[in-house]
**Q** 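Quick one: the structure is below, and I'll ask about it shortly.
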Number of protein chains: 2
Amino acid sequence: MVYTDGAAPGNGKAGACGGVGVWFGADDPRNVSERLAGPLQTNQRAELTAILRALQLVNLDSPIEIRTDSQYSIDCVTKWYASWVKKGWKTAGGTPVKNADLVKAIRDLMENREAKGTITILTKVVGHSGDYGNDQADRLAVLGAQLPALDEKGLGE
Amino acid sequence: MVYTDGAAPGNGKAGACGGVGVWFGADDPRNVSERLAGPLQTNQRAELTAILRALQLVNLDSPIEIRTDSQYSIDCVTKWYASWVKKGWKTAGGTPVKNADLVKAIRDLMENREAKGTITILTKVVGHSGDYGNDQADRLAVLGAQLPALDEKGLGE
RNA sequence: CGACACCGGAUUUU
DNA sequence: AAAATCCGGTGTCG
């Protein structure tokens with residue numbers, strides 16, 4: 001069981017900062033609190049990246065339940081994905097699917113796991129409703145969003 | 001120049017009590033300290049009601065500057081109101097606008113005043129920052145919240 | 001039209 | 001430190 005969450009202060013505005021949070025448990029060394037990579041700093045990319053990180057951190061043989069409050073992310077990798085593959089990653093409106101890179105990466109891992117017979121479950125939790133695990137993931141995501149951007153060229157100036 | 005404020009001890013909890021404060025000046029007979037009417041006892045209704053009271057107490061011909069710490073109230077009657085009228089009092093999210101009764105009542109008075117060429121200004125003050133007038137209005141609001149509910153049927157038991 | 005987030009702002013309170 | 005009252009905006013999809 002893992003909780004994932006994304007944060008994005010200033011979402012939709014110039015200068016937004018994405019943060020990724022993954023919470024396996026108290027003091028679990030696999031917990032993640034990191035800054036979102038890349039130039040597109042949006043809430044959706046942060047949420048998807050958190051799910052991707054969770055999958056990268058568990059063994060292919062270990063069943064997992066990922067709990068997220070992002071219905072969008074769940075739908076991307078469980079419902080909408082199939083028709084996107086058929087239609088060449090085009091939206092119902094004909095426009096290119098956004099965040100396709102992340103969706104594909106998550107699907108790859110899910111299918112690797114499925115090929116091994118390993119269970120992967122995505123569960124929806126209501127955000128900010130006193131769910132302890134979700135709150136912890138949120139905390140980690142907010143913290144991660146405050147870290148410096150990753151695409152800096154200089155190393156410590 | 002009038003200061004208005006609302007109070008609502010227990011805001012959001014069952015049994016919350018709304019109080020309305022309007023301060024024209026020291027010992028001014030128009031000063032108001034009253035219990036919020038109706039079943040919805042929230043901070044926002046208290047703030048809006050205080051503004052409504054202020055407008056009801058000044059002559060249509062008298063210019064007025066109302067000072068409140070409620071950015072919400074100011075935005076309701078100066079910014080958001082126009083789009084709400086257009087969209088049938090629906091929120092940006094499609095839900096019905098809350099406290100529409102109070103917003104409409106205030107707008108009615110403002111437009112009556114405007115039709116007469118009378119100036120009405122809403123000014124934002126920072127709450128609890130040593131602003132004397134705001135503190136006085138706050139005092140009156142807190143006092144008002146302690147009065148018995150208005151929808152009691154018996155008159156003084 | 002629907003859904004879930006992400007955010008920004010101001011207050012009211014405990 | 002944490003909850004409730006209220007709003008608008010973007011991110012994304014069917």
Side-chain angles (χ1 to χ4, degrees), chain A residues 4-19 21 36 40-48 50 68-84 87 90-93 95-100 102-103 124-130 134-135 138 141-142 145, chain B residues 4-19 21 36 40-48 50 68-81 83-84 87 90-100 102-103 124-129 134 138 141-142 145:
Chain A
T4 68
D5 196 22
N11 190 42
K13 301 248 171 66
C17 298
L36 182 61
L40 284 64
Q41 303 276 312
T42 70
N43 64 323
Q44 315 285 40
R45 289 190 70 80
E47 302 272 11
L48 285 169
T68 174
D69 58 27
S70 173
Q71 189 65 55
Y72 163 77
S73 297
I74 295 177
D75 289 342
C76 278
V77 300
T78 63
K79 290 173 56 175
W80 303 331
Y81 155 78
S83 100
W84 289 343
K87 310 203 306 184
K90 289 286 189 291
T91 268
T95 60
V97 171
K98 303 266 183 70
N99 307 322
L102 293 171
V103 175
K124 170 73 170 72
V125 300
V126 179
H128 305 106
S129 285
N134 179 252
D135 285 348
D138 180 65
V142 170
Chain B
T4 68
D5 198 21
N11 189 43
K13 302 244 171 68
C17 297
L36 181 62
L40 284 64
Q41 303 276 311
T42 69
N43 65 322
Q44 314 285 40
R45 290 190 70 80
E47 301 272 12
L48 285 168
T68 174
D69 57 28
S70 171
Q71 189 67 54
Y72 163 76
S73 298
I74 294 177
D75 288 341
C76 278
V77 300
T78 63
K79 288 175 55 175
W80 302 332
Y81 156 78
S83 101
W84 288 343
K87 308 201 310 182
K90 289 285 189 291
T91 265
T95 60
V97 171
K98 304 269 182 69
N99 308 321
L102 293 171
V103 176
K124 170 73 169 69
V125 299
V126 180
H128 305 104
S129 286
N134 180 253
D138 180 65
V142 170

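Below, read A as the first sequence line, B as the second, and so on, with proteins coming before strands; counting in each chain starts at 1.
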**Q** Hey, does A/Asp75 reach any base, or is it just sugar-phosphate, or nothing, if we go heavy atoms under 4.0 Å?
**A** nothing

**Q** Take A/Lys90 and A/Thr95 through the test side-chain contact (heavy atoms from CB on, under 4.5 Å) and record every step on the way to the result.
**A** CA-CA 5 Å; A/Lys90 289 286 189 291; A/Thr95 60; over 6 Å; no

**Q** Tell me what A/Glu47 touches on the nucleic acid: a base, only sugar-phosphate, or nothing, going by heavy atoms under 4.0 Å.
**A** sugar-phosphate

**Q** Looking at A/Cys76 and A/Trp84, what are the two nearest heavy atoms and their distance?
**A** SG-CH2, 3.7 Å

**Q** Using a 4.0 Å heavy-atom cut-off, does B/Lys124 contact any base of the nucleic acid, only the sugar-phosphate backbone, or nothing at all?
**A** sugar-phosphate

**Q** Judged by each residue's nearest nucleotide on RNA chain C, which is more toward the 5′ side, A/Trp80 or B/Pro9?
**A** A/Trp80

**Q** Mapping A/Tyr72 and B/Trp84 to their closest nucleotides on DNA chain D, which lands nearer the 5' end?
**A** B/Trp84

**Q** Evaluate the criterion side chain to side chain donor-acceptor pair (under 3.5 Å) for residue pair A/Asp75 and A/Gln71; output intermediate values, then yes/no.
**A** CA-CA 6 Å; A/Asp75 289 342; A/Gln71 189 65 55; 3.2 Å; yes

**Q** Would you mind classifying the nucleic acid contact of A/Thr91 as base, sugar-phosphate or nothing, using non-hydrogen atoms under 4.0 angstrom?
**A** sugar-phosphate

**Q** How close do A/Ala100 and A/Val97 get, counting heavy atoms only, and between which atoms?
**A** CB-O, 3.7 Å

**Q** Report which part of the nucleic acid B/Gly94 touches: base, sugar-phosphate, or nothing (heavy-atom distance under 4.0 Å, all strands).
**A** nothing

**Q** Start at the 5' end of DNA chain D and walk down; is the nucleotide closest to B/Ser83 or to B/Gly12 reached first?
**A** B/Gly12

**Q** Using side-chain contact (heavy atoms from CB on, under 4.5 Å) as the criterion, list what pairs up with A/Ala46, not counting sequence neighbours.
**A** A/Leu36

**Q** Could you tell me which residues satisfy side-chain contact (heavy atoms from CB on, under 4.5 Å) with B/Thr78, sequence neighbours excluded, listed by chain and number?
**A** B/Ile74

**Q** Going 5' to 3' on RNA chain C, which nucleotide is the first and which the last to come under 4.0 Å of a heavy atom in chain B?
**A** C/A10 to C/U14

**Q** Using every non-hydrogen atom in the two residues, find where B/Asn134 and B/Thr4 come nearest and quote the distance to one decimal.
**A** ND2-O, 4.4 Å

**Q** Nearest heavy atom decides the nucleotide; on that basis, is B/Gly93 or A/Ala7 closer to the 5' end of RNA chain C?
**A** B/Gly93

**Q** Dot-bracket, 5' to 3', for RNA chain C please: Watson-Crick or G-U pairs under 3.5 Å, [ ] where pairs cross earlier ones, | where the partner sits on another strand, dots elsewhere.
**A** ||||||||||||||

**Q** For B/Asp5, which contact category applies under a 4.0 Å heavy-atom criterion: base, sugar-phosphate, or nothing?
**A** sugar-phosphate

**Q** Quick one: side-chain hydrogen bond (donor to acceptor under 3.5 Å, both in side chains) partners of B/Ser73, sequence neighbours excluded?
**A** B/Ser70

**Q** Above 12 or not: heavy atoms from other molecules or residues under 6.0 Å from NZ of A/Lys79?
**A** no

**Q** Mind checking which nucleotides bracket the chain A contacts on DNA chain D, 5' to 3', with an atom under 4.0 Å from a heavy atom?
**A** D/dT10 to D/dG14

**Q** Would you check if B/Leu40 and B/Lys98 make a side-chain contact, meaning some heavy-atom pair closer than 4.5 Å?
**A** no

**Q** Locate the shortest heavy-atom distance separating A/Asp5 from A/Ala50; write the atom from each residue and the value.
**A** O-CB, 3.5 Å

